[in-house]
There are 2 protein chains.
Amino acid sequence: MSRRPSLSDVAKRAEVSVSLVSRILSGDTTVRARPETQQRVHEVAAQLGYQPHGAARALRLSRAGALGLVVHEVSNPIHAEIIRGAQAAATAAGQVLLLSDAPELAANADAFAQLVGTGRIDGLMWQGSGEDYDDELVARAARQLPTVLVNSRPRAGVPALRLDDEAAARLAVEHLIGQGHRHIGYVGGRPGADLTERRYAGYLAALRDHDLPVRPEWTVEREWDAPAGHAAMAALLATDPRPTAVFVANVVVAVGALAAAREAGVAVPEQLSVIAVHDAWFVAHGAPPLTTVRLPLDRLGAEAVRLLLSGEGSPVPAGTAADGAAGGGGSAAMGDPGGGGDPVGGSAGRGIVLADPPPQLLVRGSTTRPEGMR
Amino acid sequence: MSRRPSLSDVAKRAEVSVSLVSRILSGDTTVRARPETQQRVHEVAAQLGYQPHGAARALRLSRAGALGLVVHEVSNPIHAEIIRGAQAAATAAGQVLLLSDAPELAANADAFAQLVGTGRIDGLMWQGSGEDYDDELVARAARQLPTVLVNSRPRAGVPALRLDDEAAARLAVEHLIGQGHRHIGYVGGRPGADLTERRYAGYLAALRDHDLPVRPEWTVEREWDAPAGHAAMAALLATDPRPTAVFVANVVVAVGALAAAREAGVAVPEQLSVIAVHDAWFVAHGAPPLTTVRLPLDRLGAEAVRLLLSGEGSPVPAGTAADGAAGGGGSAAMGDPGGGGDPVGGSAGRGIVLADPPPQLLVRGSTTRPEGMR
DNA sequence: TTGTATGCGTTATCAA
DNA sequence: TTGATAACGCATACAA
């Protein structure tokens, strides 16, 4: 028959027992089998193209060999970077990556159960976007699985991985200040979202450090998409006086903001400098090419994988579903991995900041000295 | 203990046998159990939060309940659309989606084996990009799994799903012609790639239909990325006479092409109209906003899932690995699903064209009547 | 140095 | 109307 060869097929052909084959092929060091036997087994296995059956292994070991990644919108280039990093890291660790979509999981309870409750994955990475349903779903997931939040602060007791957004914002704003700008506006993302707040903090810190005024009407927050950026920039340009430069908290938002400036007849960078956090391939080709601060988004994904695999994901609380004894699923480890973290809480609820590599300024055409300066 | 509840936990608590629970919970219609028993079982299951263990199911049923999707670059917005469609369709069908990266699979044999050879997935979707390794890898995969090529013509006997690229190109070029252009250039993607050829065919057909000349020096093909588009457009603009309009075979390429025109001081659309295949959110915010032809990329992913699930993926040839009898893995069905296909070969090697919904013209600012016309 | 037996959680076959 | 049992493929404790 042409079905996939199993251990017993190999065993039969090599004329040894199944268990011996298992031990030999899995590189069990305590197996002191005859060298000739070992070789024979290896040969037969190769000949037959034997590969262990994933489900059987998962069942026996009660480890799925897979990790889940939940993202809010694949088409967002920022999320794509995270996916890329996670994908590569998972593969490198011999795990497969299961991709899912947050809005869909929120809308479809079966889908959620299918992903989280069936033992298909050993850990879950959840890209938090500050949606309302995030907290609830993440909390539910964390009850069943080691879970890590990505690009978010810790919520619902689930550890979180994030980048040094404050430093990035600071770097961006300081670039503007260095060019001589003293009137700098802020376009954020969704109000109240972690990311917005952290980047706003960096913006404020930079202004403060240089004794520059903060004007409330120059702070506009809408959403994390281009239309929102468009609206925000339009609002900002309607102020009087108007800033000579704008820091935009996200490159996607910046795309809309640039379009709004263009439509308003405000030349960038001649009349208005614009800088944004995160880089995406297409902004380098824009008019003008956008100056950005790049953050290592791919590392975010990679580090999340590492965390999960090293057992530092959210510990699964004991006595969840049925009875009530101790013993647990996810092991919990301590320590502060990753570069320069600022651990917040205890074993759960930690916030880890990936500060390495640091934010990188990519100067392109959208920033320049303010008009009338020299 | 706090481990996940199993069937036997439910059975114990409901005071029935495991097999009865299994049948009741799986909605077996032939199970004529007492209504009260049924209810009790359901209650206990809900109480315990019982969910069948995926691996155990997979082992028993020899179906993984998962599909694999291999893509060449997640950050490409076009690929992201495909992923999105596949993801949604898989979830809707109760399957999970396993995402992988083609270059990585090409470089890492273990990763390939892990994805394809371990029974983790019931079918594989492979986004073909005309890379050299594609043929070989797809062929290997198809020997083990029902496989479908996405956005490609059939290769290596593997059925393929694609969009009506020729119609899209035609629609785009006819839009230009309709505006009065008679000198229309072509910027393609990777030379020799299916996509390039199909779109080129549409371009040619449109010109032919309107008795417009085809000038070899106005046909430039480089690669599927923005830098290539930049180079191609630069080459095109160096011709003399130069076309008044350019059809670009891909929106990503078009981003680079627009930048090149800008740098060359050629105003779009005043001096040069540009139109491209595929739509991406950011081009609407560009300068100028790009006119595009949208194709239902998400349906491509969704339909691939449907095909695999309905058993119309590549049939796995019998007698592959070990012995040599009949009996096979993937069932093969015939028929011509999806809208208006042009099936090419037999059961394997079919090419299915998704012609519905048809290409959609999105007129934005990058096209206009040629200069000096009225 | 190697083999036998057991169990992971399900489903399916058969018997009662 | 229900239950006992075998089997899916593997890893391991134990026996030889």
Side-chain angles (χ1 to χ4, degrees), chain A residues 1 3-42 44-45 48-65 114 117-120 122 321-322 329, chain B residues 1 3-41 44-45 48-65 114 117-120 122 321-322 327 329:
Chain A
M1 56 306 187
R3 68 170 217 304
R4 44 191 332 295
S6 73
L7 267 190
S8 85
D9 293 319
V10 179
K12 226 168 287 173
R13 198 113 140 193
E15 298 179 306
V16 288
S17 75
V18 175
S19 67
L20 189 53
V21 176
S22 170
R23 281 170 292 174
I24 288 177
L25 291 183
S26 66
D28 183 341
T29 51
T30 74
V31 71
R32 319 206 332 117
R34 259 215 232 79
E36 50 189 276
T37 310
Q38 303 220 20
Q39 183 170 354
R40 187 153 32 92
V41 167
H42 276 119
V44 172
L48 258 44
Y50 170 77
Q51 303 241 130
H53 187 122
R57 250 170 153 268
L59 181 57
R60 177 65 232 243
L61 302 175
S62 45
R63 285 192 312 101
Q114 174 75 3
T118 56
R120 290 176 117 57
D122 299 320
Chain B
M1 55 306 182
R3 66 171 217 303
R4 36 179 299 102
S6 74
L7 268 188
S8 86
D9 293 321
V10 179
K12 226 168 289 172
R13 197 112 143 193
E15 298 178 306
V16 288
S17 74
V18 177
S19 64
L20 188 53
V21 176
S22 170
R23 281 171 291 175
I24 289 177
L25 291 184
S26 66
D28 184 341
T29 51
T30 72
V31 70
R32 317 205 334 116
R34 262 214 231 79
E36 50 190 274
T37 309
Q38 303 220 20
Q39 184 170 354
R40 188 155 29 94
V41 166
V44 171
L48 259 43
Y50 170 76
Q51 302 242 129
H53 187 120
R57 248 168 155 269
L59 179 59
R60 178 64 231 241
L61 302 175
S62 46
R63 284 191 315 99
Q114 173 76 2
T118 57
R120 283 170 135 28
D122 299 319

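Here is the naming used below: chain letters follow the sequence lines, and residue numbers restart at 1 for every chain. Worth saying up front: this structure is predicted, and the values here are computed from it rather than measured.
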- [ ] Quickly work out the A/L7 CG to D/dA7 C1' distance and round it to whole Å.
- [x] 16 Å

Open item on the list: Over all strands shown, is A/S6 touching base, sugar-phosphate only, or nothing at heavy-atom distances under 4.0 angstrom?
Closed with: sugar-phosphate

Open item on the list: Test of understanding: with side chain to side chain contact (heavy atoms under 4.5 Å, CB included), list the residues that count as partners of A/S17, not counting sequence neighbours.
Closed with: A/S19, A/L20

- [ ] Mind listing the closest non-hydrogen atom pair of A/P5 and A/L48 along with its distance?
- [x] CG-O, 3.3 Å

Task: Spacing of B/L25 atom CG relative to D/dT2 atom P, expressed in whole Å - done: 14 Å

- [ ] When you get a sec, tell me which of C/dA12, D/dT2, C/dT4 is the closest nucleotide to the side chain of A/S17?
- [x] C/dT4

TODO: Measure from NE2 on B/H53 to P on D/dC8 and round the result to the nearest Å.
DONE: 18 Å

TODO: Would you mind reading off the distance between B/R63 atom CZ and C/dT10 atom P, rounded to a whole angstrom?
DONE: 15 Å

TODO: Please state how far atom NZ in A/K12 lies from atom P in C/dG3, giving the value in whole angstrom units.
DONE: 14 Å

Task: Nearest-Å distance for atom pair CD1/P, residues B/I24 and D/dG3 - done: 9 Å

TODO: Would you mind reporting whether B/R23 and B/T30 have side-chain heavy atoms less than 4.5 Å apart?
DONE: no

TODO: Name the nucleic acid region contacted by B/Q51, choosing base, sugar-phosphate or nothing; use a 4.0 angstrom heavy-atom cut-off, strictly under.
DONE: sugar-phosphate

TODO: Enter the distance from A/S62:OG to B/R3:CZ here, rounded to the nearest 0.5 Å.
DONE: 10.5 Å

- [ ] Would you please confirm or rule out a distance under 4.0 Å between OP1 or OP2 of D/dG9 and any side-chain N or O of A/S22?
- [x] no

Open item on the list: Need one value for A/V16: base, sugar-phosphate or nothing, where a base atom within 4.0 Å counts as base even if backbone is also close, heavy atoms only.
Closed with: sugar-phosphate

- [ ] Using whole Å, report how far CD of A/E15 lies from P of C/dG3.
- [x] 10 Å

Any N/O pairs under 3.5 Å between the protein and nucleotides 13-16 of chain C? List them or say none.
none

Open item on the list: I'd like to check the side chain to side chain contact (heavy atoms under 4.5 Å, CB included) partners of B/T118; sequence neighbours left out, ordered by chain and number.
Closed with: A/Q51, B/Q114, B/R120

Task: From D/dC10, C/dG9, C/dT2, nucleotide with atom closest to A/A56 side chain - done: D/dC10

Open item on the list: Under 4.0 Å from OP1 or OP2 of D/dT2: is there any side-chain N or O of B/R34 that close?
Closed with: yes

Task: Toward the 5' end of DNA chain D, by each residue's nearest nucleotide, B/R32 or A/S26 - done: B/R32

TODO: Write down the distance between CZ (B/R3) and C1' (C/dG9), rounded to a whole number of angstrom.
DONE: 10 Å

TODO: Would you classify A/L59 as touching base, sugar-phosphate or nothing, given that sugar-phosphate means primed atoms plus P, OP1 and OP2, and contacts are heavy atoms under 4.0 Å?
DONE: base

Open item on the list: Looking only at the side chains, is there a donor atom on one of A/S26 and A/D28 sitting less than 3.5 Å from an acceptor on the other?
Closed with: no

Open item on the list: Taking the side chain as everything from C-beta on, heavy atoms only, tell me whether B/L7 gets closer than 4.5 Å to B/Y50.
Closed with: yes

